[in-house]
Amino acid sequence: MMADRSGPAADAPKAGSASIATPQSAEFQHTNEGTLASATVPASGAYPGEAPRASAVTRAQAASEEETPLQLFWINFSQSWLAVFGLAVFCLIILAAIFAPWLSPQNPYDLAQLNILDSRLPPGSLSSEGHVHWLGTDDQGRDLYSAILYGLRISLGVGVGSAFIALIIGCTLGLIAAYAGGRTDSAVMRIVDLQLSFPSILVALMILAFLGKGVMNVLLALVIVEWAYYARVVRATALVERDREYMEAAASLALPRWRIIFRHLLPNCVPPMIVIATQQVARAIALEATLSYLGLGVPITEPSLGLLIANGYQYMLSGRYWVSVYPGVALLVTIIALNLVGDQLRDVLNPRHLK
Amino acid sequence: MKSNNPSAISLRGVSRRFGQPANIFKRAQRSLKRLRGVPVRNDVVFAVNNVDFDVMQGEVVGLVGESGCGKSTLARLAAGILPPSEGKVLFRGTDLRTLDRAEMKDVKLKIQLIFQNPHASLNPRLRAADIVGEAPLCHGLVSRADYESYVDTQFLRAGLDPKLKRRYPHQFSGGQRQRLGIARALAVQPEVLVCDEAVAALDVSIQAQILNLFMELRSQFSLTYLFISHDLGVVEHLADRVAVMYLGRIIEEAPVEELFSRAQHPYTQALLAERPSIEGRGRRFVAIKGELPSPLNPPTGCHFHPRCPLAMPRCAQEAPQLREIAPNHRSACHLNDTA
Amino acid sequence: MKQPVLEVRDLKTHFFSRAGVVPAVDGVSFSVNAGEVLGLVGESGSGKSVTGYSIMGLVDPPGRILGGSVLFEGKDITKLPEADWRQLRGNRIAMVFQDPMMTLNPVLRVGTQMVETIVAHKKMPGRQAQQRARDVLGMVGIPSPEERLSAYPHQFSGGMRQRVAIAIALLLEPALIIADEPTTALDVTIQAQILSEIQKLIGEHGTSLIWITHDLSVIAGLAHRLAVMYAGRIVETGDVDDVLRAPLHPYTRGLIGCVPSSNRRGQLLQQIPGMTPNLLNLPSGCAFQARCSRADGACTAPPPLFTRASAGGAYCFHPHTGDGA
């Protein structure tokens, strides 16, 4: 019958000793690819064999051999030059905000440095102290270039800060809801639903009307508005991850519960969180600008970008466009750069692309 | 060889339901529907239904069944990571429910699961060494000083090169990943391995390597196995005793030679007749009729009766009990009474 | 002798990835005669599925068919324009996938999809097409086909869905069906049902079939001829009896030894050491040399064809011949 049964059978299993890992991808998993294709874009004809295609090597799979997850992530991220550009711009903006005191000719928050005689100077004018106002001045005589740099500090600080705090609160609650399930889950998620059913601007306005102006109050308001987004997304991801086999393995290894949540569950929920965080930072910056524009945000003596725009608004029609437009451009560039990064992150970290 | 060995894992009248027991509104809604004669769908699934089952120490028990028959649920019940809805699970004669936390932890470690999907069963964010070494370190089975060499030993036991331990799971091939899962299980010094379709996702040549590894480990560490598979060939190759499941019930159980030569239950007979094999060249495939019924709405009486070629009226009314029909050979079929 | 339905000559399909060129199919030649069942066997990464996709003209970038020809009924179809391809696909050549949802549109009724397929290829009045669709559904063993025509794909079970996919493949009575692991995801009893239907239908209609699988035991009962693939190349061909009883190539032999079977219970399986090869980094010559017990220095050159007396042969320097050892 089947002849020789001795021979190579004696060789011990030593698969591991071969040094190069084979990319399991060699079969290219067209099944997955094709299923997606046919599910999302129903082919109208539905001829046999029309929908699926051997579209093969996904970006990640081809390279999944020797790279750490971080390297792989960067390779995929850098596929879009627009996103890399966005990231570069955003880094520049952050640097500008951090080094604002050294980059700007005057401290716009120091009322002693402001000269009312210099108010509403057009871009390029010389001030009474002899330096050039490259972007002009506003009605208080603030150098707009300096005001924008300092305004960025507030906008970014409030945006990033609120997003970070909201992320920690939202993630913790979302994870606990997903892992505990049952009543805890229902309780947390009903609060989230309640929170999300109100327009965020309305909630923020209410909170600020109650608490009053101030940077810290704006931050608090933004955190209250934002945490629910994180909680919802993290819970959804965690629910999927919770049922994966590696979680069962962790249970079977009798690991402590906190360890399972924070070492096994949490790291696998990080990718969508990064995506949401980038988008939420952009949202928070815009929301802060809106609140300040409406006069409920930061105090008038320490204008953020939104307040600068509001201050210049009344001069728009009298031809003194610069007071509003330059802070507006700064806000726009920041938010667009963030969104470019966020879009690409969403594509790269999408679980459909990962596995 | 259902030997005189003491039992490692025993299931006594174990059932496991999934789905919420209906709340008061749902129940009211249902009785209204019933009153109006609208059919009511049962939304509670009995994944495992009143199962008595033993795994003796040192034994390899094969559990065979098709998708949805509850064999994966049974694996998790036996491993102690899923509590039964009814009945009790015993490890070496002790009811798991009577154990306190520390004891339960020890029992869990003694029974380790090997999973089907080598991609999903490893945490993608941990390095191979952490995957294997986390639990022993956490439970104090190894000191920090001996950690590295301990992990190396586990790698070697599973046939992996310790040089690979800094890698992440995605940098391994399918077979290597399965070995990593085995190394993780061995690292906590288990006595029982519950393998849930552990070779189903692997290529044929890799499958053979892993099966051989299981057999070597068995003799090396005198392990007990509960080996769950849909592949009769694999089970026949490995197991001492085989149980067959159909829709949440065990319908036949016998030593491997007995089962493969003298299967009594019509379902087991059909499974054996229909399994493809290399020897069966140019054969005509004869198929058993009908589909797998939904576990949501299983047939009355014997679950198999709608597909059974030998079904009698009684089969639709009364569920047959699992009874011993020959030494160590148990079967649940009404034909046993008539014969 | 008749002209074969399909003749593949030196087919090369490579994928151009960032990490390098992946020779998924690298010089594959075989032919399929009318009414014949060819089993294309291989493990993951052997290129068996890509071969199927290449024949169907379903290779998208970064993959490309680099060379060779696929002669279907005497015509080279690799260079056909897309429009002609659409006419051929589903009409004369059809494919059945492992996941039937790849052929089925989830938002259309099964009947609608079937009728559309017929009307797209044949001038046929709607009622007649409907009739044909019903007949074919009945043919693949779907109970009460009239009612099932108006059902959506999700209302079928896995096995039934695969039957519908097979029915769609059979609709226009193609000369060739390529089946890519169609029963792998199914249960044993359901797999047996599908196999028995396929066996019956192929016999009745004289359709040729290429059955792509990793499972030797499934194909043993169904195929007339086997082609064993490894790392993008065919390593052995021949009649199913010859290949399974007296495999020439060490890989085929190893593959057969890997399958657990009743007469070796409890013993160690004969295993092939090592891993499936990395296609980015193949050795020169025989791709199997690193895992082969018979390999020596000669194997770094392209292996010659060792022909079997009856039919087919193996590409190997050291085939298992005659010694039966």
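What you see is a predicted model, and the numbers here were worked out from it, not measured in a lab. Proteins get letters first, then strands, A, B, ... in listed order; numbering begins at 1 in each.
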From CA spacing to verdict: side chain to side chain contact (heavy atoms under 4.5 Å, CB included), C:T189, B:R307 | CA-CA 11 Å; C:T189 51; B:R307 302 174 75 189; 3.2 Å; yes
Option that, when pairs with chain B are counted at under 4.5 Å, heavy atom only, ranks first among C:S157, C:G158, C:G254 | C:S157
Mark yes when over 12 heavy atoms from residues, nucleotides or ligands other than C:E147 sit less than 6.0 Å from its CD; otherwise mark no.
-> no
Crowding at CZ, B:F214 (>12 non-hydrogen neighbours, <6.0 Å) | yes
Side chain / backbone / both / neither for B:E66 at chain C, heavy atoms under 4.5 Å | both
Nearest-0.5 Å distance, CG of residue B:D231 to OG of residue C:S217 | 7.0 Å
Shortest non-hydrogen contact from [X] toward [Y]:
X	Y	value
B:I206	C:E43	N-OE2, 4.2 Å
C:I272	B:Q209	O-NE2, 2.5 Å
C:P260	B:H237	CB-CB, 3.7 Å

Among C:L255, C:L216, C:D215, side chain to side chain contact (heavy atoms under 4.5 Å, CB included) partner for B:V204 | C:L255
Side-chain donor/acceptor of B:N212 to backbone N/O of C:L268, under 3.5 Å = no
With sequence neighbours excluded, residues passing side chain to side chain donor-acceptor pair (under 3.5 Å) with C:T252 | C:E236
Is there a donor in the side chain of B:S205 and an acceptor in the side chain of C:Q271, or the other way round, less than 3.5 Å apart?
-> no
How would you list all residue pairs meeting salt bridge (charged side-chain N to carboxylate O under 4.0 Å, His left out) that involve residues 152-167 of chain C, not counting sequence neighbours?
-> C:R163-C:E197
